[in-house]
Amino acid sequence: MADYEVPQVTDDITTPCLKTGTMAHMAPYPAMPKHMEPFGFPGERVENWQQKGVEKLGELLKKYRSLQVYLDICVKCGACTDKCHYYLGTQDANNMPVQRAELMRSVYRRYFTPAGKLFPNFVNAVEFDEETLGKWFTYFHQCSQCRRCSVYCPFGIDTAEITMAAREIMNAIGVGHKYSLEIVSKVHEIGNNLGIPKPALKGTLSFLEEEILDSTGHDVRLPVDQEGAEVLLVAPSADFFSEPHIQSLMGYAKVFHQAGISFTVSSYASEAANFGMFIGSYEQQRKVAMRVVEQARDLKVKRLVVGECGHAWRVAYSFWNTLNGPFDFLDPRYPAPQHICEFTYDLLQKGALVLDKEANDAHVVTFHDSCNVARATRMGPKAGGQFEIPRALIRAVCNHYVDMDEETIREKTFCCGGGGGLLTDELMELRIKGALPRVTALKRVMEHDKVNFVALICAICKAQFTKILPMYGIPMDTVGGVHQLVSNAIVLGAKKGVI
Amino acid sequence: MLTVLSYCVLGIFLIGFMGRIIRYARTPAPVKIPTTPAPVTKMGVVWRLLTEVAFFNSLFKSDKLAWAGGIAFHGALVVVLIRHVRYFVDPLPAFFAPLQIIGIVAGLAMAGALGFLFLRRVLFERVRFISSLADYLILLLLLGIAFSGLLMDFLLRPNIVAIKSSLLNMWTTVTALPPATSPGDYMFLMHLMMVGLLLIIFPFSKLMHAGGIFFSPTRNQVDNPREVRHINPWAEQ
């Protein structure tokens, strides 16, 4: 592994002074024709790319109210300038949300506003030229679509909407991002982001069944493609493959087992994640999500439960109903879809689970709110349930819980630094620097409150932190899932579910 | 002249402004993207938007200085605009009399707040970096309007009776002309011209944040995507 310069962690998150171009070298690997063509995108940059790009922008302005309004109404108040984790970690001016958006706004002004057509210099309107496209490719891949800026903007301007549009425009002219496109391809070809084929999936799950049997003596099942199961569990595929994700998967299985609710995983829809969102494509989001709906019908399940994955929960909670709804074929007594934390919390409320908190006594736990869950979704019936339900679950399964600094949790949470399609090795420097605010807040509770476990509900957060935290001197096993803690505490065989 | 110009300026402003608003309203919002936690009812959204517009809740969370400057300027502007009704209504209802002094205090506050916002733009590194000439021009224009207005109150009194009578007549009488004999009268003409310029650039600039905010999907959507199916009008069904 290459040597990376890891920023110095201070006691408080501070706003660094401004520099230009500190991250100008950090563009992701471009997609090759074989990555682009399956989606109907041009394999290489098209000849008249400037014209096509501007046309695509015009098309998106007619399709997305968010884009049209947000390109118009920014007053440049500067309130967002110190809110992005990538700015705080890199000092690069283009990582201030307003300046990132300006990369598109300046083009928008040039081609779509009278002021930009008449007095381009005066209003800062620029041509969609080679230099601009270069900046787009670089800096629209330094945004993790975490929406922290949209919380603080007086008009709710959401840079994620602008980033998504930029990526869609770039794909339309043949300038794609290899990592995200490869992943969406794998979903279409194999069924999940990681490319785990059905036999391997089956093998992993039966191995896990054996492992739970060996360690607990209980026959906890992890079925695949079982028709007639009550619940279709849609987990991020990392849950079938990576540490510590797999610990949470075992946790989900134990919860189903104890509740006496049958469930199944689908080999065809073995992915909760939906990178269609990251590339800004409505159509790809719909196609990826369609697999889940098809499987829910084919397997004749009554409920849909989504595993621990941040942007997946956003797509599932906010978009599934629009993309492929209605879900009127499912049991109307339950929300469709339901988050695994909602599911487990509901069982807890009903008294269906017996929990031994002391099983987690070795841990002093804190919770990292995943950006997409925190700022783009809800759990339970009340606004803010996405903060309270995971915390209530953690408190129910362990004795020692501490929150991080108020300015870094709930809707003010910082992205892990690897979201939005940036969880790829060539962007490692960005990922390390982008994690700085979160690491700062985490280190503080580790030092002051002896925290030694950060509970997560996102596959990307888990993958990012297991890789990045050790670089900051934090042990890898500090990171785990909320259902990993549930898995530790749940008393198997104590009593069967109440439903 | 005054009549023709007034109709032109008002026409550009109204048609331009309504054109943008109609465009915002007609552009579909394909998916639900409220910034959560968000209200789960329509009434909740109305409350969220009203308090956002009245108190700048989000800005308060993010930048206390910008908030203070912003709320002082916008609040003062509202009071100043209300006070200006006196120049367009005859006879003036009795309750307008005490507004005079409040309005003038608000005028001072408005100039002060604009000065503060201007200094903030110049002095703060990050805000300076993101500012274009247009951002400064709009502030300077507003400052010019505020100062010329205050000058007429404190130093260069124009012939206000004649001005009011020409304003009252300008919509109906083509020959209506404001007086132009004293320095105060010229100050008034400058005041009027700057207001006209502001109205002309309004629909084509960031000033559209007034009005635009009501169409911001992250703020105006109800958080109920599971309960109510949101339809994307351009999706293939």
Side-chain angles (χ1 to χ4, degrees), chain A residues 17-18 61-66 68-70 72-83 93 96 98-99 102 113-115 122-124 147 150-158 161 282 286 317-319 321-323 325-326 335-337 374-378 381-384 386-387 411, chain B residues 20 23-25 27-40 44 52 56-59 61-63 66-67 70 120-121 124-127 129-135 137 201 204-209 212-213 215-220 223 225-232 234-235:
Chain A
C17 57
L18 198 69
L61 285 168
K62 291 195 175 72
K63 286 167 96 173
Y64 290 92
R65 182 184 294 163
S66 53
Q68 174 62 68
V69 173
Y70 294 157
D72 267 1
I73 70 172
C74 174
V75 300
K76 306 278 194 72
C77 72
C80 63
T81 54
D82 58 350
K83 302 302 186 286
M96 297 190 289
V98 51
Q99 206 57 18
E102 181 70 10
T113 70
F122 191 66
V123 295
N124 188 29
R147 311 180 94 212
S150 86
V151 170
Y152 291 99
C153 173
F155 313 109
I157 295 172
D158 181 4
E161 293 292 305
Y282 183 91
R286 192 186 66 77
Y317 171 85
S318 293
F319 305 155
N321 204 2
T322 299
L323 294 168
R375 291 187 278 262
T377 75
R378 169 160 58 93
K382 285 190 215 134
Q386 69 272 33
F387 313 132
E411 74 264 36
Chain B
R20 291 320 280 174
R23 176 183 280 255
Y24 299 156
T27 310
V31 285
K32 282 279 184 130
I33 59 165
T35 306
T36 60
V40 295
E52 187 70 80
F56 303 179
N57 297 343
S58 301
L59 190 56
K61 266 189 275 187
S62 47
D63 187 334
W67 177 84
R120 180 179 170 275
R121 210 170 263 294
F124 289 14
E125 186 192 31
R126 280 174 282 124
V127 192
F129 187 90
I130 63 174
S131 301
S132 68
L133 282 172
D135 297 315
L137 171 95
I201 63 172
F204 311 104
S205 69
K206 66 177 187 177
L207 296 173
M208 277 309 296
H209 69 279
I213 183 171
F215 296 90
S216 170
T218 61
R219 292 291 182 269
N220 78 4
D223 176 23
R226 290 190 294 192
E227 292 81 358
V228 180
R229 183 166 184 238
H230 178 80
I231 302 292
N232 173 3
W234 49 261

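To find a chain, count down the sequence lines: A is the first, B the second, and so on, and within it residues start at 1.
- No donor-acceptor distance shorter than 3.5 angstrom exists from the side chain of B:Ser58 to the backbone of A:Tyr152, with no hydrogens or angles considered.
- Heavy atoms of A:Lys83 lying under 4.5 Å from chain B belong exclusively to its side chain.
- Between A:Val123 and B:Ala134, the closest heavy-atom pair is CG1-CB, 3.9 Å.
- A salt bridge between A:Asp72 and B:Arg20 is present, with a side-chain N of the basic residue lying under 4.0 Å from a carboxylate O of the acidic one.
- Heavy atoms closer than 4.5 Å to chain B are found in the side chain of A:Pro114, but not in its backbone.
- Contact between B:Ser62 and A:Ala79 at its shortest, heavy atoms only, is OG-CB, 3.5 Å.
- Note: A:Arg378 leads A:Gln386, A:Arg378, A:Glu411 in heavy-atom pairs under 4.5 Å with chain B.
- Both the backbone and the side chain of B:Glu125 have a heavy atom closer than 4.5 Å to some heavy atom of chain A.
- Among A:Asp82, A:Leu323, A:Ile157, A:Asp158, the residue making the largest number of heavy-atom pairs under 4.5 Å with chain B is A:Asp82.
- The parts of A:Pro337 that come within reach of chain B are both its backbone and its side chain, each placing non-hydrogen atoms under 4.5 angstrom from that chain.
- Here B:Val31 is the residue among B:Val31, B:Asp63, B:Val127 with the most heavy-atom pairs under 4.5 Å with chain A.
- Taking the six-membered ring where the residue is Trp, A:Phe155 and B:His209 present tilted rings, their angle falling between 30° and 60°.
- Of the listed residues B:Ser131, B:Ser132, B:Ser216, B:Gly212, the one with more heavy-atom pairs under 4.5 angstrom with chain A than any other is B:Ser216.
- For a residue to count as touching a neighbouring chain, one of its non-hydrogen atoms must lie under 4.5 Å from one of that chain's; by this rule B:Leu137 touches chain A with the side chain only.
- For the atom pair OG (A:Ser150) and CZ (B:Arg219), the distance works out to 6.0 Å, reported to the nearest 0.5 Å.
- For A:Cys74, the part lying near chain B is the backbone, with the side chain staying farther off; criterion is any non-hydrogen pair under 4.5 Å.
- A donor-acceptor contact shorter than 3.5 Å links the side chain of B:Arg229 to the backbone of A:Thr322.
- Looking at B:Asp223, the atoms closer than 4.5 Å to chain A (heavy atoms on both sides) sit in the backbone and in the side chain alike.
- A donor-acceptor pair is defined here as one N or O able to donate and one able to accept, closer than 3.5 Å; such a pair exists between the side chain of A:Lys76 and the backbone of B:Ile130.
- Proximity of a side-chain donor or acceptor of B:Thr218 to a complementary backbone N or O of A:Gly156 within less than 3.5 Å is detected.
- Looking at B:Pro34, the atoms closer than 4.5 Å to chain A (heavy atoms on both sides) all sit in the backbone: N, CA, C or O.
- Note: A:Lys63 leads A:Gln99, A:Lys62, A:Lys63 in heavy-atom pairs under 4.5 Å with chain B.
- Annotation: the span from B:Leu133 atom CG to A:Asn124 atom CG amounts to 9.0 Å, rounded to 0.5 Å.
- Residue A:Glu102 does not touch chain B at all, counting heavy-atom pairs closer than 4.5 Å.
- Considering only heavy-atom pairs separated by less than 4.5 Å from chain B, the leading option among A:Val98, A:Val151, A:Leu61 is A:Val151.
- Of the atoms belonging to A:Tyr64, heavy atoms from both backbone and side chain fall under 4.5 Å from chain B.
- With B:Ile33 as the partner, the side chain to side chain contact (heavy atoms under 4.5 Å, CB included) test is satisfied by one option alone out of A:Arg65, A:Arg375, A:Glu161: A:Glu161.
- Neither the backbone nor the side chain of A:Thr113 comes within contact range of chain B; no heavy atom of the residue lies under 4.5 Å from a heavy atom of that chain.
- Not one N or O on the side chain of B:Thr35 forms a donor-acceptor pair closer than 3.5 Å with the backbone of A:Ala376.
- In this structure, the separation between SG on A:Cys77 and CZ on B:Phe56 is 10.0 Å, given to the nearest 0.5 Å.
- To the nearest 0.5 angstrom, B:Phe129 atom CZ is 5.5 Å from A:Met96 atom CE.
- Proximity to chain A (any heavy atom under 4.5 Å) is shown, for B:Tyr24, by both the backbone and the side chain.
- Contact tally against chain B (heavy-atom pairs below 4.5 Å) for A:Pro381, A:Gly384, A:Pro154: the top residue is A:Pro154.
- Counting heavy-atom pairs closer than 4.5 Å to chain B, the top-ranked of the candidates A:Ala336, A:Cys80, A:Ala115 is A:Ala336.
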